[in-house]
Amino acid sequence: MRQDGRVTDADAVPFDLASMRKQYRAEGLSESELAATPVEQFARWFQQAATDGGLFEPNAMVVSTADAEGRPSSRTVLLKHFDGRGFVFYTNYGSRKARDLAANPQVALLFPWHPMARQVIVTGTAARTGRDETAAYFRTRPHGSQLGAWASTQSSVVGSRADLDTAYAELAARHPEGEQVPVPPHWGGFRVVPESVEFWQGRENRLHDRLRYTADGAGGWRVERLSP
Ligand SMILES: Cc1cc2nc3c(=O)[nH]c(=O)nc-3n(C[C@H](O)[C@H](O)[C@H](O)COP(=O)(O)O)c2cc1C
């Protein structure tokens, strides 16, 4: 499509998108088999996704944020830890997502486990992880990724690929392999404390199962079934 919205011959695509659809034949998800907490349920599904889900990166999730004006944006990020305290990812604190979260900590995480006809959607509030937790994770990263965290001013415009490569090469010269790389002050984790977690299982005839846990404010969870 052109910028003025007119459709041109270049728009012709060799796909009949309207007829592209799959029938989901998976076993359902019932209230009786759900775990007591969404994190336990997530752990069960994650285990299945990571072992026989046919997924390249089961911990890849889409993180959606909104800025102070409510403008949304989404991007893929890797989940690096989860437990009863929440879902943790690491990023650059100067990035667009981090700036959004500073202005508006509301966030949504979406796990698109398409080969299993499943998705999990978490909504909640994000807060920075402590520096000790960030440092402990940073030290587990490969040397090159540690340098990359220093070399990138994530989400800002760069002049060229060469600028990035030069910045990386200078850092690599300063911190050779085997040497401890300090944790960049502009880099760290966010922990998303869930307020709701929806488990979606694709079923036949588009009559999917959707079971949603919502925090009841007293440390417990309410479970509701949503219409597909
Ligand atoms: C599979 C995959 C995994 C990614 N993992 C991360 C990650 O863990 N942390 C991160 O900051 N960016 C990650 N990215 C890059 C982000 O999608 C995004 O480009 C970057 O964080 C800048 O986003 P922002 O400008 O919206 O803040 C990943 C991208 C892909 C495709």
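Note that ligands are numbered from 1 as they come in the structure, with each ligand's atoms numbered from 1 the same way.
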Novice: To the nearest 0.5 Å, what is the distance between OG (S196) and CD1 (I121)?
Specialist: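 One gets 8.5 Å once the value is rounded to the nearest 0.5 Å.
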Novice: When only distance counts, is A98 in polar contact with ligand 1, meaning an N/O pair under 3.5 Å?
Specialist: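 For ligand 1, there is no N or O atom that lies under 3.5 Å from one belonging to A98.
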Novice: With a 6.0 Å cut-off on ring centres, are H175 and W150 close enough?
Specialist: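 Ring centroids of H175 and W150 are no less than 6.0 Å from each other.
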Novice: Is N92 close to ligand 1, meaning an N/O of one under 3.5 Å from an N/O of the other?
Specialist: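 No, N92 has no N/O under 3.5 Å of an N/O on ligand 1.
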Novice: Could you walk me through whether R75 and S64 pass side-chain contact (heavy atoms from CB on, under 4.5 Å), step by step?
Specialist: CA-CA 7 Å; R75 74 289 291 159; S64 297; 5.5 Å; no
Novice: Could you check atom 28 (C) of ligand 1 against the protein and tell me its nearest heavy-atom contact, residue, atom and distance included?
Specialist: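 Nearest protein contact, heavy atoms only, for atom 28 (C) of ligand 1 is T76 O, 3.0 Å.
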Novice: Among residues at least two apart in sequence or on other chains, which ones pass salt bridge (Lys or Arg N to Asp or Glu O under 4.0 Å) with D16?
Specialist: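 Partners of D16 under the salt bridge (Lys or Arg N to Asp or Glu O under 4.0 Å) test: none.
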Novice: Under 4.0 Å from any heavy atom of Y90, which atoms of ligand 1 are there?
Specialist: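 Ligand 1 atoms under the 4.0 Å threshold to Y90: 7 (C), 8 (O), 9 (N), 10 (C), 11 (O).
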Novice: Would you please indicate yes or no on a ring centroid separation below 6.0 angstrom for Y93 and W187?
Specialist: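 Ring centres of Y93 and W187 not closer than 6.0 Å.
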Novice: Evaluate S160 against D163 for side chain to side chain donor-acceptor pair (under 3.5 Å), listing each step before the verdict.
Specialist: CA-CA 5 Å; S160 67; D163 289 354; 3.3 Å; yes
Novice: Taking only heavy atoms of S95 into account, list the atoms of ligand 1 that are under 4.0 Å away from them.
Specialist: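 Going through ligand 1 atom by atom, the ones under 4.0 Å from S95 are 27 (O).
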Novice: Considering only the protein, which heavy-atom contact is closest to atom 24 (P) of ligand 1, and what is its distance?
Specialist: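 Nearest protein contact, heavy atoms only, for atom 24 (P) of ligand 1 is S155 OG, 3.5 Å.
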Novice: Please report which non-hydrogen protein atom sits nearest to atom 8 (O) of ligand 1, along with the residue it belongs to and the distance in Å to one decimal place.
Specialist: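 Result: L78 N, 3.1 Å.
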Novice: Cation-pi between R118 and F111: NZ/CZ under 6.0 Å from ring centre and within 45° of the ring axis?
Specialist: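 Verdict for F111: no cation-pi partner in R118.
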Novice: Nearest heavy atom to atom 21 (O) of ligand 1: which of K97, R75, R99 does it belong to?
Specialist: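 The residue whose heavy atom sits nearest atom 21 (O) of ligand 1 is K97.
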Novice: Could you walk me through whether T134 and T129 pass the side chain to side chain donor-acceptor pair (under 3.5 Å) check?
Specialist: CA-CA 6 Å; T134 289; T129 54; 2.8 Å; yes
Novice: For ligand 1, does Q154 get within less than 4.0 Å through its side chain, its backbone, both, or neither, judged by non-hydrogen atoms?
Specialist: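 Q154 to ligand 1: side-chain contact only, backbone stays beyond 4.0 Å.
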Novice: With respect to atom 11 (O) of ligand 1, which of T91, L79, N59 exhibits the smallest heavy-atom separation?
Specialist: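 Looking at heavy atoms only, T91 sits closest to atom 11 (O) of ligand 1.
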Novice: Considering the heavy atoms of V77, write down every atom of ligand 1 situated less than 4.0 Å from one of them.
Specialist: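 Within the 4.0 Å cut-off of V77, ligand 1 contributes 4 (C), 5 (N), 6 (C), 7 (C), 8 (O), 9 (N).
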Novice: Can you check atom 19 (O) of ligand 1: any protein non-hydrogen atom closer than 4.0 Å?
Specialist: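 Looking at atom 19 (O) of ligand 1, one finds that no protein heavy atom lies closer than 4.0 Å.
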Novice: Taking the six-membered ring of Y24 (Phe, Tyr or Trp), confirm whether the NZ or CZ of R206 is under 6.0 Å from its centre and within 45° of its axis.
Specialist: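 Yes.
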Novice: Considering only heavy atoms of E57, which atoms of ligand 1 have at least one such atom less than 4.0 Å away?
Specialist: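 Those atoms are 1 (C).
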